[in-house]
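Take a look at this one; I'll ask things after.
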Amino acid sequence: MEEEKKIPEKLQVEEKVIEMLKTVYDPEIPVNVYDLGLIYKIDLADDYALSVDMTLTAPNCPAADFIVEDVRQKLESIEQVRSVEVNLVFEPEWDKDMMTEEAKMELGFL
């Protein structure tokens, strides 16, 4: 019996994308970029090309290049993802209300 490779459902790949984003941290903040609310859009096309819109806590963030490159490398490591485009955007401007409840607790905002 020949073993067939199963193509993962798009939803499963999107879940992997979120899991991977939760491993990326701003070096100055002990919360991941996803829970900080820095990820504005995740668009996984039918051909598994991935486009992510993200922002930073401040436009002049000294770790910007490091964070964006970390996001790109980690997302490219997902086997099913064909290509990754990370777009750095500053509209709307990020504020602490975009954080998850967990992130707010971690940083003492609750």
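All values below come from the heavy atoms of this structure, side chains included, with hydrogens, waters and symmetry mates left out. Residue numbers run from 1 in the order of the sequence given.
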Q | Partner residues of Ser51 under the side-chain hydrogen bond (donor to acceptor under 3.5 Å, both in side chains) criterion, sequence neighbours left out | A | Asn87
Q: Determine, stepwise, if the pair Asp46 / Lys10 fulfils side chain to side chain contact (heavy atoms under 4.5 Å, CB included).
A: CA-CA 8 Å; Asp46 289 340; Lys10 202 170 162 186; 3.2 Å; yes
Q | Qualifying residues under side-chain hydrogen bond (donor to acceptor under 3.5 Å, both in side chains), relative to Asp35, sequence neighbours excluded | A |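 If we apply the side-chain hydrogen bond (donor to acceptor under 3.5 Å, both in side chains) test to Asp35, skipping adjacent residues, the hits are Asn32.
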**Q.** Partner set under salt bridge (charged side-chain N to carboxylate O under 4.0 Å, His left out) for Lys74, not counting sequence neighbours
**A.** Asp70
Q.
Is there a side chain to side chain contact (heavy atoms under 4.5 Å, CB included) between Trp94 and Met99? Walk through the geometry before answering.
A. CA-CA 9 Å; Trp94 178 87; Met99 292 189 287; 3.9 Å; yes
Q. If you measure from CG on Leu38 to SG on Cys61, what distance do you get to the nearest 0.5 Å?
A.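 Rounded to the nearest 0.5 Å, the CG-SG separation comes out at 9.0 Å.
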Q | Non-neighbouring partners of Glu102 that pass salt bridge (charged side-chain N to carboxylate O under 4.0 Å, His left out), sequence neighbours left out | A | none
Q. Got a second to check how far Glu28's CD is from Thr57's OG1, nearest 0.5 Å?
A. 7.5 Å
Q: Sort out for me which residue in Val81, Val84, Val24, Ile42 forms a side-chain contact (heavy atoms from CB on, under 4.5 Å) with Leu75.
A: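 Of the listed residues Val81, Val84, Val24, Ile42, the side-chain contact (heavy atoms from CB on, under 4.5 Å) partner of Leu75 is Val84.
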Q) How close do Tyr25 and Phe66 get, heavy atom to heavy atom, and via which atoms? A)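 Minimum heavy-atom separation between Tyr25 and Phe66: O-CE2, 4.2 Å.
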Q. Can you name the side-chain hydrogen bond (donor to acceptor under 3.5 Å, both in side chains) partners of Asp43, sequence neighbours left out?
A. none
Q | Nearest-0.5 Å distance, CG of residue Leu50 to CE of residue Met20 | A |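 The CG atom of Leu50 sits 11.5 Å away from the CE atom of Met20.
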Q. Listed by chain and number, what are the salt bridge (charged side-chain N to carboxylate O under 4.0 Å, His left out) partners of Asp47, not counting sequence neighbours?
A.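 Asp47 satisfies salt bridge (charged side-chain N to carboxylate O under 4.0 Å, His left out) with Arg82 once adjacent residues are dropped.
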Q.
Once side chain to side chain contact (heavy atoms under 4.5 Å, CB included) is applied, do any residues pair with Pro59, and if so which ones, sequence neighbours excluded?
A.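 By the side chain to side chain contact (heavy atoms under 4.5 Å, CB included) rule, Pro59 matches Phe90.
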**Q.** Heavy-atom pair of closest approach, residues Glu93 and Tyr40
**A.**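 Nearest heavy atoms, Glu93 then Tyr40: C-OH, 3.7 Å.
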Q) Taking atom CG of Leu36 and atom CD1 of Ile67, what is their separation to the nearest 0.5 Å? A)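 So the gap between those two atoms works out to 9.0 Å.
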Q | Asp95: partners by salt bridge (charged side-chain N to carboxylate O under 4.0 Å, His left out), with sequence neighbours left out | A |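 Not a single residue meets the salt bridge (charged side-chain N to carboxylate O under 4.0 Å, His left out) criterion with Asp95.
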Q) To the nearest 0.5 Å, how far apart are CG in Leu56 and CG in Leu88? A)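 It is 4.5 Å, given to the nearest 0.5 Å.
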(Q) Taking side chain to side chain contact (heavy atoms under 4.5 Å, CB included) as the definition, give me every residue that meets it alongside Gln73, ordered by chain and number, with sequence neighbours left out. (A)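 Result, side chain to side chain contact (heavy atoms under 4.5 Å, CB included) vs Gln73: Glu69.
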Q. Considering only heavy atoms from C-beta outward, does the side chain of Met54 approach that of Val89 to under 4.5 Å?
A. no
Q: List in chain and number order the residues that pass side-chain hydrogen bond (donor to acceptor under 3.5 Å, both in side chains) with Asp97, two or more places apart in sequence or in another chain; answer none if no residue qualifies.
A: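 Listed in chain order: nothing, the list is empty.
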Q: Could you tell me whether a side-chain N or O of Tyr48 sits under 3.5 Å from a main-chain N or O of Glu79, the two making a donor and an acceptor?
A: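 Pair absent, no side-chain N/O of Tyr48 close to backbone of Glu79.
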Q | Contacts of type side chain to side chain contact (heavy atoms under 4.5 Å, CB included), residue Glu15, not counting sequence neighbours | A | Leu11
Q: Return the minimal non-hydrogen interatomic distance between Glu106 and Pro30, and the atom names on each side.
A: CG-O, 4.0 Å
Q.
Using the rule given for side chain to side chain contact (heavy atoms under 4.5 Å, CB included), can you reason through Gln80 versus Gln12, listing the C-alpha separation, both sets of side-chain angles and the distance that settles it, and then say yes or no?
A. CA-CA 10 Å; Gln80 299 84 0; Gln12 290 174 316; over 6 Å; no
Q. Met105: which other cluster members, linking ILVMFWY side chains closer than 4.5 Å, directly or transitively?
A.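 Its cluster partners, ordered by chain and number, are Leu110.
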(Q) I need the Ile18 CD1 to Ile39 CD1 distance, nearest 0.5 Å. (A) 10.0 Å
